[in-house]
Amino acid sequence: MKNRLKELRAREGMNQTDLAKKAKISRQTISLIERNEYMPSLLIATKIAYVFNEPIEKVFMFEKEELE
């Protein structure tokens, strides 16, 4: 799964700590997601998408082979 966290954080002028506080999750979780070392739960993904005011599918994208 790909994600746009770094891009969206840059757009909003946020660091990982800022995003973590707004989404009410840990900064370590943000870091792991950005490095593709952790696949977020639906709740965490929704919280992150909400912070950016983006649909969840615009923040997190599955590769075609992941869906087959």
Side-chain angles (χ1 to χ4, degrees):
M1 179 174 70
K2 290 185 178 181
N3 69 74
R4 297 176 53 219
L5 266 59
K6 281 185 182 180
E7 172 193 340
L8 294 169
R9 282 193 307 101
R11 180 186 81 185
E12 300 295 324
M14 285 185 206
N15 61 30
Q16 289 181 345
T17 302
D18 297 331
L19 176 55
K21 285 180 182 177
K22 289 184 179 197
K24 296 183 176 139
I25 57 179
S26 73
R27 189 215 47 86
Q28 291 84 355
T29 298
I30 299 295
S31 177
L32 289 169
I33 293 169
E34 286 187 359
R35 294 191 324 254
N36 293 314
E37 294 179 14
Y38 175 74
M39 186 176 296
S41 68
L42 184 55
L43 177 60
I44 290 173
T46 301
K47 286 180 174 185
I48 292 169
Y50 182 80
V51 168
F52 293 123
N53 195 30
E54 293 277 353
I56 197 168
E57 62 271 13
K58 297 283 185 174
V59 180
F60 299 96
M61 294 79 55
F62 285 101
E63 301 286 343
K64 183 177 177 183
E65 55 274 1
E66 291 177 295
L67 300 173
E68 295 176 338

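What you see is a predicted model; the values in this text were computed from it and never measured.
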Members sharing Met61's hydrophobic cluster (side chains within less than 4.5 Å) = none

inquiry  = Once rounded to the nearest 0.5 Å, what's the spacing between atom OG of Ser31 and atom CG of Leu5?
reply    = 10.5 Å

query = CZ of Phe62: more than 12 outside heavy atoms within 6.0 angstrom?
reply = no

request  = Output all residues satisfying side-chain contact (heavy atoms from CB on, under 4.5 Å) with Lys6, sequence neighbours left out; order by chain, then residue number.
outcome  = Arg9, Glu34

key: Validation row: Met14, Lys22 side chains within 4.5 angstrom (heavy atoms)   = yes

note = The side chain to side chain donor-acceptor pair (under 3.5 Å) partners of Glu12 (sequence neighbours excluded) come to none

request  = Step by step, work out the side chain to side chain contact (heavy atoms under 4.5 Å, CB included) result for Gln16 and Gln28.
outcome  = CA-CA 8 Å; Gln16 289 181 345; Gln28 291 84 355; over 6 Å; no

Would you mind writing out the side-chain donor-acceptor pairs for residues 42-59 within the sub-3.5 Å range, not counting sequence neighbours?
unit_1 : atom_1 : unit_2 : atom_2 : d
Thr46  : OG1    : Leu42  : O      : 2.7
Glu54  : OE2    : Arg11  : NH1    : 2.7

Minimal non-hydrogen separation, Asn3 against Ile33, with atom names = ND2-O, 2.9 Å

query = Looking only at heavy atoms, which two atoms of Ala20 and Ser26 are closest? And how far apart?
reply = CB-C, 3.6 Å

message = Taking salt bridge (charged side-chain N to carboxylate O under 4.0 Å, His left out) as the definition, give me every residue that meets it alongside Glu37, ordered by chain and number, with sequence neighbours left out.
response = Arg35

ask   = What pairs with Lys2 under salt bridge (charged side-chain N to carboxylate O under 4.0 Å, His left out), at least two apart in sequence or on another chain?
value = Glu63

